A.B. asks: 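I'd like to ask some things about the structure below.
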2 protein chains.
Amino acid sequence: MKKKITLKHIARELEVSVSTVSKALRNSDEIGRDTKEKVQAFARLYNYKPNNIAISLKNKQTKNIGVIIPNIVHHFFTTVFRGIEKYASDKGYNVIVCVSDESFDKEVINMEMLANGSVDGFIMALSGSTQRQNDFNHLREVIEQGIPIVLFDRVTDQINCDKVIINDREIAHKAVSKMIAQGRRHIALVTNENYFNVSEERAQGYKDALVAEGLELDENLILTLAYDEIDEDLILDFFKREQIDAALCVNEIFAVCCMGIAQKLGFKVPEDIAFVGFTDGILSRHSRPSLTTVAQHGEQMGEMAAKMLIEKVEREINEDDDEQESYQTKVIEATIVERNSTVN
Amino acid sequence: MKKKITLKHIARELEVSVSTVSKALRNSDEIGRDTKEKVQAFARLYNYKPNNIAISLKNKQTKNIGVIIPNIVHHFFTTVFRGIEKYASDKGYNVIVCVSDESFDKEVINMEMLANGSVDGFIMALSGSTQRQNDFNHLREVIEQGIPIVLFDRVTDQINCDKVIINDREIAHKAVSKMIAQGRRHIALVTNENYFNVSEERAQGYKDALVAEGLELDENLILTLAYDEIDEDLILDFFKREQIDAALCVNEIFAVCCMGIAQKLGFKVPEDIAFVGFTDGILSRHSRPSLTTVAQHGEQMGEMAAKMLIEKVEREINEDDDEQESYQTKVIEATIVERNSTVN
DNA sequence: AGAAGTTACGAAACCGTTTTCGTGTTGATA
DNA sequence: TATCAACACGAAAACGGTTTCGTAACTTCT
């Protein structure tokens, strides 16, 4: 096992100083031709690579970005992550992922771990319990320390920072309008607890559409499910009890489950009931019938978030100091992917 | 924006030396009661947290582990990652993820980036093109440098290191045997190019089962699909052409696609044809009928990999030096989750 | 030949810690 | 009272780089 070679080793071996070696390797013109060549050849021969940690310490820059997400086993977050990783990797940044598991405490711990020099900035989607208890001091502290944050999807008004979201409300409106245009009148909403900003937005869009089309809002047509565990009986009852000819579901899994249960009850999809979900994942593509769904363009979202973060990070380095902070919120335009759960 | 506070700041403020501050904070008994309390109080007040980078440099230990996987938008890898992250996080390690995108070049670049001090060890699944071209020098170099690697799932005999795999061959054998026991005789295998060690193993298990049950191997019953793009026509032809009453598919997506196409052709599942897939993801759970599949227990695999890596990393620190390297291969027992694609 | 400017390199500081070692002060002991 | 621990702290080195500054040796100019 040959240990990593350092500048000091090279310097000793070649009987020059460490500074000379450093400069020679960076092709400084302070160093003579011969010495440069000698050093570079030696370095190449022994496959010298500078130690990232030492450079980080010196430059006060890690070239790492921290990503904190509630759950990695989730198609949407995964695609966002891919976008982040792709962009970051391109720009020479590494990505450290922490999973908050929808837990406020873990989110706080993870942030604290990474905030002590491990990363140059954060990209995150808030955990469910953080949104529920509305406590964002951990974010504030990090920002206070001069570490930039980009929030995506699960965001909050209470923190002033860059954000990337989709036009949830608008696209939900559009999806419902489309079903109404098909002549459907009894439109259900299948959602989860409203402390999630996105669910709330989607519900708003749903209501907007009803109002815009002159339909009445019937609270009985709104089914609220738990976030992490689907109670099939609840769904069964719902579709038995109410007269429904269309349903907007706030995610892919809800949609597929509801669709399956409705089919079991003998309803034909899309003839009797149409379904629209959110998240264009494998489930939507491979369900039967295939699911019409809102594509959130997670990868694009991730790239955008990474771009915003890295720009902020690199701006801070050449801080002219007097430029005041300015934060933006980018909206990624969601699109509706029409499949067979709404039209044949 | 208050900048991070350092030992030096505290020292200056309290008019003691940096070493005193450091020791006081670590509760060294070299330091007097009063001084300790003074320092600790001050540190608490200003929320002092030591700089991880500096500690890493000093300790030659980053407390980071590098994970390199071919694809993050993939249920199996995602669950393995969750296991890794969970275990690592518990032990105070961070996880840096790089996606090789099934590309040899990216795999090499990512490893090189991380090997220069950014991580204490690697956990990885080989990219498709790495397996295809059989070039593992990047792994050898890293191991040479004393950085441990744990390979999982996509492994190779050509590298001597810790590995975590599942009993692919055995479980495939078992799955096929089960279908044969149901009286099925025309068993298809839907697989992909055989440079993936896992596909190869599963194919072997398939063949083993046929032999064990005295059935003949019919090459026509083996359908080979591309890794990343499913050609539906190919599948359609296959099920039209061959007389098939059961199919073992090397992944979830293949299984669901095939099942859908077979159903379109008028076959009843499981009456006419039974299907078994690999990977117990959402697709398997929510397909219609629900899919019998091989659960790979990715999370457990990830935990095991992380455990092995961290143990090796921490052993190296107190290297008695004379203990010879020993590598193990852990086999996670896969299980068959029976659902409605094989029995009603 | 002396002044001035180049060239090519080394010493040392610095990033933020930890840790070893040295030392001045105290109190106890012989 | 001289000796010796024990105590409490500071100086300095180390981790592996980068960068500023100083300077010896050599050129060039007048």
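In this text, all values refer to a predicted model and were calculated from it rather than measured experimentally. Letters A, B, ... are given to chains in the order of the sequence lines, protein chains preceding strands, and every chain is numbered from 1.
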A.B. asks: Do you know which of B/Arg315, B/Lys330, B/Lys312, B/Lys307 makes salt bridge (charged side-chain N to carboxylate O under 4.0 Å, His left out) with B/Asp162?
C.D. replies: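 When B/Arg315, B/Lys330, B/Lys312, B/Lys307 are each tested with B/Asp162, the salt bridge (charged side-chain N to carboxylate O under 4.0 Å, His left out) holds only for B/Lys312.
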
A.B. asks: Would you say B/Gln158 has more than 12 foreign heavy atoms packed within less than 6.0 Å of its CD?
C.D. replies: yes

A.B. asks: For the rings on B/Phe104 and B/His138, is their centre-to-centre separation under 6.0 Å?
C.D. replies: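 Ring centroids of B/Phe104 and B/His138 are less than 6.0 Å from each other.
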
A.B. asks: Do NZ/NE/NH1/NH2 and the carboxylate oxygens of B/Glu37 and B/Arg33 come within less than 4.0 Å?
C.D. replies: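 So B/Glu37 pairs with B/Arg33 through a salt bridge.
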
A.B. asks: Which whole-number value in Å describes the distance from B/Asn27 CG to D/dA8 C1'?
C.D. replies: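 Rounded to the whole Å, the gap is 15 Å.
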
A.B. asks: Can you check the B/Arg12 CZ to C/dG16 P distance for me, whole Å?
C.D. replies: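 So the CZ-P distance, B/Arg12 to C/dG16, works out to 10 Å.
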
A.B. asks: I'd like to check B/Asn51 versus B/Thr6 (side-chain heavy atoms, cut-off strictly below 4.5 Å). Are they in contact?
C.D. replies: no

A.B. asks: Hey, can you tell me if B/Phe76 and B/His74 have their rings parallel, tilted or perpendicular (30° and 60° cut-offs)?
C.D. replies: perpendicular

A.B. asks: Nearest whole Å is fine: how far is C/dA8 C1' from A/Glu37 CD?
C.D. replies: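 The answer, rounded to whole Å, is 15 Å.
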
A.B. asks: Sugar-phosphate means primed atoms, P, OP1 and OP2; the rest is base. With that split, encode nucleotides 14-20 of chain D 5' to 3' as B, S or - using protein heavy atoms under 4.0 Å.
C.D. replies: BBBBBBB

A.B. asks: In this structure, how many angstroms lie between the P atom of C/dT17 and the CG atom of B/Asn52, rounded?
C.D. replies: 10 Å

A.B. asks: Can we call the ring centroids of A/Phe42 and A/Tyr46 under 6.0 Å apart?
C.D. replies: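 When the ring centroids of A/Phe42 and A/Tyr46 are compared, they turn out to be within the sub-6.0 Å range.
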
A.B. asks: With a cut-off of less than 4.0 Å, is there a side-chain N or O of A/Thr35 near OP1 or OP2 of C/dA8?
C.D. replies: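 For C/dA8, neither OP1 nor OP2 has a side-chain N or O of A/Thr35 closer than 4.0 Å.
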
A.B. asks: Expressed as a whole number of angstroms, how long is the span from B/Ile31:CD1 to D/dA11:P?
C.D. replies: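 B/Ile31 atom CD1 is separated from D/dA11 atom P by 13 Å.
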
A.B. asks: What integer distance in Å separates B/His9:NE2 from C/dG16:P?
C.D. replies: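 Taking atom P of C/dG16 as the reference, NE2 of B/His9 is at 7 Å.
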
A.B. asks: Can you tabulate the close N/O pairs, meaning under 3.5 Å, that link protein atoms to atoms of nucleotides 24-27 of chain D?
C.D. replies:
none

A.B. asks: Take a 6.0 Å sphere around NZ of B/Lys91 and say whether it holds more than 12 heavy atoms from other residues, nucleotides or ligands.
C.D. replies: no

